[in-house]
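Single-structure report; data block below.
Small disclaimer: the values here were computed from a predicted structure and weren't measured.
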Amino acid sequence: MQHKIQQDLHELNFTALDFETANEKRHSACSIGLVQVRGGQVVERRQYLIRPVELRVEPINYSIHRISVQQLRTAPSWPELWPLIEPFVHEQLVVAHNAAFDMSVLDKTLLAYDLPTPAFHAMCSVKLAKAAFPHLERARLSDLATHFGLTLNHHDSLSDAEVCAEITLRALRSGHPFAFCFKQRELTKGLGTKPKPFVGRRTSGSWA
């Protein structure tokens with residue numbers, strides 16, 4: 001699959017994904033936004049409400065995404081939606097802003113229903129942005145949207161995925177020589193981190 005992923009990187013083919021959750025549980029996905037990019041162009045957008053395993057929306061989560069229990073009560077469950085979502089993920093390059101969170105939601109939600117996790121590679125647009133645009137002080141989605149003049153309805157899963165896709169395209173087109181890690185699922189592991197300053201070790205009155 002590495003050859004395919006390298007080709008997708010070259011051709012700018014990927015899926016941008018964003019989850020919103022109903023409560024503190026990672027398997028409580030209640031909304032997903034999907035943006036499919038082919039040849040550097042958005043070719044498809046999808047958004048679904050998801051009825052979580054436990055139909056419970058914490059007030060703090062509601063205050064963020066404004067999705068209520070009433071809206072989720074009649075929404076399809078994850079197993080009902082998975083056949084529609086899986087083609088966007090299986091053997092694809094999947095990007096999310098703060099990918100560790102979204103990939104964890106994906107993994108935990110699949111596990112909650114005993115569904116196998118498909119093979120895919122992931123990238124984090126936070127790390128891509130930090131590596132490609134080191135002069136920017138912040139890499140939050142809202143800050144990047146403002147900097148690049150992008151419209152963002154923050155915590156609407158589709159809007160977040162759309163801005164994630166645009167940031168990813170800008171980063172990949174920046175000319176930055178990314179050192180992707182193909183041995184792990186997340187290609188961007190270690191990207192965008194500043195090297196720690198060297199602190200010498202004092203031995204016998206001198207610094208080593």
Between [X] and [Y], which heavy-atom pair has the shortest distance, and what is it?
| X | Y | answer |
| --- | --- | --- |
| Pro118 | Val89 | CG-CG1, 3.8 Å |
| Arg26 | Ala100 | NH1-O, 4.3 Å |
| Cys30 | Thr21 | SG-C, 3.6 Å |
| Ala129 | Ile167 | CB-CG2, 4.2 Å |
| Lys189 | Lys127 | CA-NZ, 4.0 Å |

Main chain of [Y], side chain of [X]: is a donor-acceptor contact present, judged purely on distance under 3.5 Å?
| X | Y | value |
| --- | --- | --- |
| His10 | Ile5 | no |
| Asn23 | Arg56 | yes |
| Gln71 | Ser68 | yes |
| Gln6 | Lys4 | no |

Is the shortest distance from a Lys or Arg side-chain nitrogen in Arg38 or Glu11 to a carboxylate oxygen in the other one below 4.0 Å?
no
Using a strict threshold of under 4.0 Å (side-chain N to carboxylate O), is an ion pair present between Arg185 and Asp107?
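So Asp107 pairs with Arg185 through a salt bridge.
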Check: [Y] and [X] side chains under 4.5 Å, non-hydrogen atoms:
| X | Y | result |
| --- | --- | --- |
| Leu136 | Asp143 | no |
| His27 | Val105 | no |
| Tyr113 | Val53 | yes |
| Pro52 | Leu72 | yes |
| Leu55 | Arg73 | yes |
| Arg51 | Val69 | no |
| Phe14 | Leu9 | no |

Are [Y] and [X] linked, directly or through intermediate hydrophobic residues, by side-chain heavy-atom contacts shorter than 4.5 Å (ILVMFWY only)?
| X | Y | answer |
| --- | --- | --- |
| Leu110 | Phe101 | yes |
| Leu106 | Leu81 | yes |
| Phe88 | Ile32 | yes |
| Leu84 | Val94 | yes |
| Leu152 | Ile64 | no |

So that I know where these two stand, are Phe133 and Phe148 an aromatic pair - ring centroids less than 6.0 Å apart?
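Here the rings of Phe148 and Phe133 have centres that are less than 6.0 Å from each other.
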Identified side chain to side chain donor-acceptor pair (under 3.5 Å) partner of Ser157 from the options Glu162, His65, Gln47
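By the side chain to side chain donor-acceptor pair (under 3.5 Å) criterion, Ser157 pairs with just one of Glu162, His65, Gln47: Gln47.
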Give, for atom [atom1] of [X] and atom [atom2] of [Y], the distance between the pair rounded to the nearest 0.5 Å.
| X | Y | atom1 | atom2 | answer |
| --- | --- | --- | --- | --- |
| His97 | Cys164 | NE2 | SG | 7.5 Å |
| Ser28 | Glu54 | OG | CD | 8.5 Å |
| Asp18 | Glu20 | CG | CD | 5.0 Å |
| Asp156 | Ile67 | CG | CD1 | 8.0 Å |
| Met123 | Met103 | CE | CE | 10.0 Å |
| Leu34 | Phe19 | CG | CZ | 7.5 Å |

Check step by step if side-chain contact (heavy atoms from CB on, under 4.5 Å) holds for Leu93 and Leu187.
CA-CA 9 Å; Leu93 185 56; Leu187 302 184; 3.6 Å; yes
Steps toward salt bridge (charged side-chain N to carboxylate O under 4.0 Å, His left out) verdict (Lys25, Glu58)
CA-CA 10 Å; Lys25 302 293 186 181; Glu58 281 294 300; over 6 Å; no
May I ask you to check whether over 12 heavy atoms, not counting those of Glu137, lie within 6.0 Å of atom CD?
no
Does either side chain, that of His154 or that of Ser142, offer a donor lying less than 3.5 Å from an acceptor on the other one?
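Their side chains do not contain a donor-acceptor pair, so the 3.5 Å distance test is not met.
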Residues in side-chain contact (heavy atoms from CB on, under 4.5 Å) with Leu12, at least two apart?
Leu169, Leu172, Arg173
Aromatic ring pairing Phe180/Phe178, orientation class (parallel under 30°, perpendicular over 60°, tilted between):
parallel
